Amino acid sequence: MALQEGRYGLTYTTARPEAVEAFDGMVTSYLGFGRDIGDRLKQVFAADPDMPLAHVAKGYLFKLFGSGAMAERAKKVLAEAKTRAETHGVTEREALHLAALEAWCAEDVDRTTACWERAVLEYPKDALALRLAHFNHFYAGEGRMMRDSTARVLPDWSKDDPDYGFLLGMHAFGLEEAGDYAAAEPFGREAVERNPADAWAVHAVAHIMEMQGRHREGVDWVAGLERDWSATNNFRFHLYWHQALFHLERGEIDAVLALYDRQIASDLDADMYLDVCNGASLLWRLEMYGVDVGDRWKELARVSLRHAEDHELIFVSLHYLMALIKGGEAQAAATLASHLESYANAATTQGRVAARVGTATAEAMAALARGDAATVVEALYPVRYDLYCMGGSHAQRDVFEEMLVTAAVEADPMLARALLAERTAAKPNSAWSWGKYAAALKATGRDQAADLAQARAAGLLSAAAG
Ligand SMILES: [Fe+2]
């Protein structure tokens, strides 16, 4: 089949230039969390139903759902893509994409990412490969890889490239997850200046503010740009989640619950894993902060019931488990936990994650829910430094750190005191952490230091209220 040239001089196996134009539009939609990505893909197929890379992209979209059912559909699409590739031939770049989808369907996520990174080495402006690699680095917890993956292509891009702003936003987030907040922020702000609807860039700056304890500024940042980013797909609910976290730190519980009800849990029937992650981790945090969340777990549990045997992303499965445990679905929770245990024997990327941290975290969550603080500490403390490998962001994984310190205050106050000394040093603006630190100090006989920590917590909350 003939080759057509698309954006950035990339070539595609197709006889139809309009198929390539539609493909470029689909990639930009993907970069911007567009609601029209499915329609864009349909436009590509309408122009050329045999374009090999269109079939690969369709497989990617199914895999990005992160669910077992969608992974099965991706496998069927992979077979279609292979047939097209055999019939029409593919370029070297398209062959790398096909190999990536094949590896992804075989649950070899590391090899998948390696294929995309290879494509980006040869074609630094392959924005699809770049963004997908960014996604997989994220779900491997590899902030440094996210940072470096975009840093190495920045010199190849021009400020005039239409997707350049998205590259800046990705780079900002990689720097943030690698811990370089000062370097990250200008990249994120420049991306948002170029395009205030770039939800990933808005999100990168929100993460910087979260990590630096800039809670008031964080609320203003996210809310101030809401009109732009709220036009995106369900990713917008993750930005509302960030807004809720800032309010939570400030003790503004009514605002947190209002965001939960009006936004974060408003589209659970769409069955998007990130919605459940947002909801479950927020409700679990609220309960650890002493808030009665009423019957809000029920809806999250109802959606999670469908995913008790998913293992696409262990990070996500653990959030389904939170919902099942708290939503009164004991049998499904047990099914999910035992599925994680058996999947921990699988020779796959996420199988290794399940073995390294998944089963221990699942055990800890069940123990915390039944009030067995000692088991929580026993399960979670030894894997504390490995938790990153389940992926997600520092801010998202912090819920597991909060579980550990909550349990430790009860079961092992000396350990809690040490963990909370660390935590308050890293998060000096966290009132909740100072409050827990006060409890641990008190339990270990350090009354004077406990009073000071309690005063610090109260001072932060009253400053927020004032
Ligand atoms: Fe986030």
Side-chain angles (χ1 to χ4, degrees), residues 31-33 64 66 131 134-147 150 166 168-181 184-185 187-189 191-192 196-215 217-226 228-230 232-249 256 259-260 263-265 267 272-286 313 315-316 318-319 322 387-388 390-402 426-427 430:
L31 296 172
F33 296 93
L64 286 167
R131 185 64 181 81
H134 192 69
F135 174 87
N136 269 8
H137 289 318
F138 175 71
Y139 277 111
E142 294 289 0
R144 291 173 305 167
M145 291 188 195
M146 266 195 281
R147 174 197 65 197
T150 45
F166 292 121
L168 296 178
M170 287 162 62
H171 192 50
F173 189 66
L175 283 164
E176 182 279 325
E177 284 299 300
D180 196 345
Y181 309 125
E185 192 158 343
F187 283 101
R189 286 186 180 273
V192 174
D198 180 349
W200 194 244
V202 174
H203 173 251
V205 176
H207 266 271
I208 295 162
M209 292 171 176
E210 172 66 30
M211 297 309 288
Q212 294 186 324
R214 294 154 62 186
H215 306 130
E217 214 181 332
V219 169
D220 292 344
W221 170 256
V222 176
L225 291 158
E226 177 183 358
D228 297 293
W229 56 254
S230 60
T232 59
N233 65 19
N234 280 41
F235 183 73
R236 68 189 186 279
F237 299 123
H238 184 64
L239 278 166
Y240 286 114
W241 177 81
H242 275 282
Q243 190 178 340
L245 276 196
F246 291 129
H247 284 301
L248 182 62
E249 287 282 3
V256 177
L259 280 169
Y260 183 89
Q263 301 291 350
I264 294 163
D267 193 27
M272 299 288 179
Y273 70 79
L274 186 55
D275 292 344
V276 177
C277 292
N278 296 331
S281 75
L282 188 58
L283 293 187
W284 199 296
R285 279 175 163 92
L286 279 162
L313 292 165
F315 173 84
V316 172
L318 290 168
H319 287 79
M322 286 182 205
L387 289 175
Y388 81 92
M390 71 169 73
S393 64
H394 292 292
Q396 285 174 307
R397 287 191 305 273
D398 196 45
V399 71
F400 302 114
E401 287 283 337
E402 291 184 343
K427 292 175 175 284
S430 169

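Numbering of ligands and ligand atoms starts at 1, following listing order. On a predicted model such as this, the values are computed, not experimentally measured, just so you know.
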**Complete:** Sorted by chain and number, sequence neighbours left out, side chain to side chain contact (heavy atoms under 4.5 Å, CB included) with Ala204 holds for Ala172, Phe173
**Message:** Below the 2.8 Å mark, what number of protein N, O or S atoms do you get around the Fe ion (ligand 1)?
**Reply:** 4
Name every donor-acceptor pair, under 3.5 Å, that has one atom in a side chain of residues 392-401 and the other anywhere in the protein, sequence neighbours excluded.
unit_1 : atom_1 : unit_2 : atom_2 : d
Ser393 : OG     : Ala395 : N      : 3.4
Ser393 : OG     : Gln396 : N      : 3.0
Ser393 : OG     : Gln396 : OE1    : 3.4
His394 : ND1    : Arg397 : NH2    : 3.3
His394 : NE2    : Glu177 : O      : 2.8
Gln396 : OE1    : Ser393 : N      : 2.9
Arg397 : NH1    : Gly391 : O      : 3.2
Arg397 : NH1    : Gly392 : O      : 2.6
Asp398 : OD1    : Arg423 : NH1    : 2.9
Asp398 : OD2    : Arg423 : NH2    : 2.8
Glu401 : OE1    : Arg384 : NE     : 3.4

**Message:** With ring pair (Phe, Tyr, Trp, His ring centres under 6.0 Å) as the criterion, how do Phe235 and Trp229 come out once you've worked through the C-alpha distance, each side chain's angles and the decisive distance to 0.1 Å?
**Reply:** CA-CA 9 Å; Phe235 183 73; Trp229 56 254; 8.8 Å; no
Enumerate donor-acceptor pairs with a distance under 3.5 Å from any side-chain N or O in residues 135-147 to protein atoms, sequence neighbours excluded.
unit_1 : atom_1 : unit_2 : atom_2 : d
Asn136 : ND2    : Thr113 : OG1    : 3.2
His137 : NE2    : Glu117 : OE2    : 2.7
Tyr139 : OH     : Tyr273 : OH     : 3.4

**Request:** Taking the side chain as every heavy atom from C-beta outward, state whether Asp275 and Met272 have any atom pair closer than 4.5 Å.
**Result:** yes
**Request:** Report yes if the side chains of Trp200 and Asp198 come closer than 4.5 Å at any heavy-atom pair, otherwise no.
**Result:** yes
